[in-house]
Amino acid sequence: MTEVLEMSKSGDGRGARARILDAAYDLFSRNGIQAVGIDAVISTSGVARQTLYRHFASKQDLVLAFLERREQEWTRRWLEGEVTQRANDPKSRLLAIFDVFDGWFHRDDFEGCSFINVMLEHPGPEHPLHVESSAYLQRIRDFLAELAGRAGIGEPETFAREWHILMKGSIVAAGEGDRDAARRAQRIGALLLRDALEG
């Protein structure tokens, strides 16, 4: 009955779980998980506290669901989707990553990489949030390694790690205020790509 009343108040007909996750996604993406308390998620989503805990037994469970959504929205739909749309061959797609980043870095709502942020907020290597964040970052490297292999680069996994360092470094630099970091990283990447193809 509580959820029915909450859905009526929200006016959008969506379930409570979806509204909780939508609120958490927005708040965690913009502010990080340590700075956002459960009360903020409850207030933004418009659900009762007991309803939130019915769907997510703890804040950690909510963060895990957020990370899963982040991969769907940021990695798969946005990053991979934009790269695939902008370039046709794997070499061009690797470089296009930084074209996508350039637009992102210049947005007023640039929020950084949630996987990196959550991992650093929980530095213990055995912590579940550290483990999951690292796993999502690994899947980004899997995407890079796939592109590298299709481009004819030897040792694509090693190349993917090097390329990912450029990506993560540019994100941190943009967070410092260098909004042209993607263009700088792309120039370095072009040299790295050339050497990998000639090696």
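Note that the structure is a prediction, hence the values are computed from the model and not measured. Excluded from the calculations below are hydrogen atoms, water molecules and symmetry mates; all remaining heavy atoms, backbone and side chain alike, are included. Residues take their numbers from the sequence shown, with the count starting at 1.
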| request: Determine, stepwise, if the pair D178 / E176 fulfils side-chain contact (heavy atoms from CB on, under 4.5 Å). | output: CA-CA 6 Å; D178 181 3; E176 286 184 281; 5.6 Å; no
| said: Checking R179 against H106 for the side chain to side chain donor-acceptor pair (under 3.5 Å) test, could you report, in this order, the C-alpha distance in whole Å, the side-chain angles of both residues, the deciding distance, and whether it holds? | reply: CA-CA 6 Å; R179 296 306 175 98; H106 283 87; over 6 Å; no
| Evaluation steps, side-chain contact (heavy atoms from CB on, under 4.5 Å), between E82 and F101 | CA-CA 10 Å; E82 283 288 323; F101 275 15; over 6 Å; no
| request: Report the C-alpha distance between W74 and W104 in whole Å, list the side-chain angles of each, state the deciding distance to 0.1 Å, and finish with yes or no for side-chain contact (heavy atoms from CB on, under 4.5 Å). | output: CA-CA 11 Å; W74 190 89; W104 182 36; 3.5 Å; yes
| task | Please step through side-chain contact (heavy atoms from CB on, under 4.5 Å) for the pair F115 and E71, ending with a clear verdict. | result | CA-CA 9 Å; F115 305 130; E71 182 181 52; 4.1 Å; yes
| task | Given salt bridge (charged side-chain N to carboxylate O under 4.0 Å, His left out), test D180 with R183 step by step and report yes or no. | result | CA-CA 6 Å; D180 293 326; R183 299 174 192 174; 3.5 Å; yes
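Minimum interatomic distance between S45 and R19 (heavy atoms only, all atoms of both residues): O-NH1, 3.1 Å. Contact detail for L27 and T44: the closest heavy-atom pair is CD1-OG1, 3.6 Å. Contact detail for I42 and V47: the closest heavy-atom pair is CG2-O, 3.0 Å. Scanning all heavy atoms of the two residues, the minimum distance from G149 to P156 falls at N-CB, 3.7 Å. Residue I171 comes nearest to F110 through the heavy atom pair O-CZ, 3.8 Å, listed as atom of the first residue, atom of the second, then distance. The shortest heavy-atom contact between P125 and H130 is CA-CD2, 3.6 Å.
Taking a cutoff of 4.0 Å between a charged side-chain nitrogen and a carboxylate oxygen, E80 and R86 do not qualify as a salt bridge.
Not one N or O on the side chain of S43 forms a donor-acceptor pair closer than 3.5 Å with the backbone of D39. R77 places no side-chain N or O within donor-acceptor distance of the main-chain N or O of Q72, the cut-off being under 3.5 Å. In terms of modelled atom types and a separation under 3.5 Å, the side chain of K59 and the main chain of I33 share a donor-acceptor contact.
At least one side-chain heavy atom of L197 sits less than 4.5 Å from a side-chain heavy atom of K91. In this structure, the side chains of D109 and R30 stay at 4.5 Å or more apart for every pair of heavy atoms. Using a 4.5 Å cut-off on side-chain heavy atoms (C-beta onward), T75 and F143 make no contact. Put simply, the side chain of Y53 does not reach to within 4.5 Å of the side chain of S58, judged on heavy atoms. Counting heavy atoms from C-beta outward, L67 and S133 have side chains that approach closer than 4.5 Å. Annotation: side chain of I97 is in contact with side chain of L144 (closest heavy-atom distance under 4.5 Å). Put simply, the side chain of L64 does not reach to within 4.5 Å of the side chain of F56, judged on heavy atoms. Under the 4.5 Å side-chain criterion, counting only non-hydrogen atoms from C-beta, R93 is in contact with R150.
Residues R70 and Y136 have side chains that never bring a donor and an acceptor to within less than 3.5 angstrom of each other. For the residue pair D89 and S92, a side-chain donor N or O sits within less than 3.5 Å of a side-chain acceptor on the partner.
Between atom CG of residue D26 and atom CG of residue L21 there is a gap of 11.5 Å, rounded to the nearest 0.5 Å. With rounding to the nearest 0.5 angstrom, the CD atom of Q138 is 9.0 Å from the NE2 atom of H164. The structure places CZ of R107 at 12.5 Å from CG of D102, a figure rounded to the nearest 0.5 Å. Once rounded to the nearest 0.5 Å, the distance linking NE2 of H55 with CG of D61 reads 13.0 Å. Expressed to the nearest 0.5 Å, how far OG of S134 lies from CZ of R141 amounts to 8.0 Å. In this structure, CG in L193 is found 5.0 Å from CZ in F159, a value given to the nearest 0.5 Å.
Between H122 and H127, the ring planes are tilted. Angles from 30° to 60° get that label.
The environment of CD in E155 is sparse: at most 12 heavy-atom neighbours from other residues, nucleotides or ligands sit within 6.0 Å. Summarising the local packing, CZ of R161 is surrounded by 12 or fewer heavy atoms from other residues, nucleotides or ligands at distances under 6.0 Å. Atom CD of Q34 has more than 12 heavy atoms from other residues, nucleotides or ligands within 6.0 Å.
Between F98 and W163, the distance from one ring center to the other falls under 6.0 angstrom.
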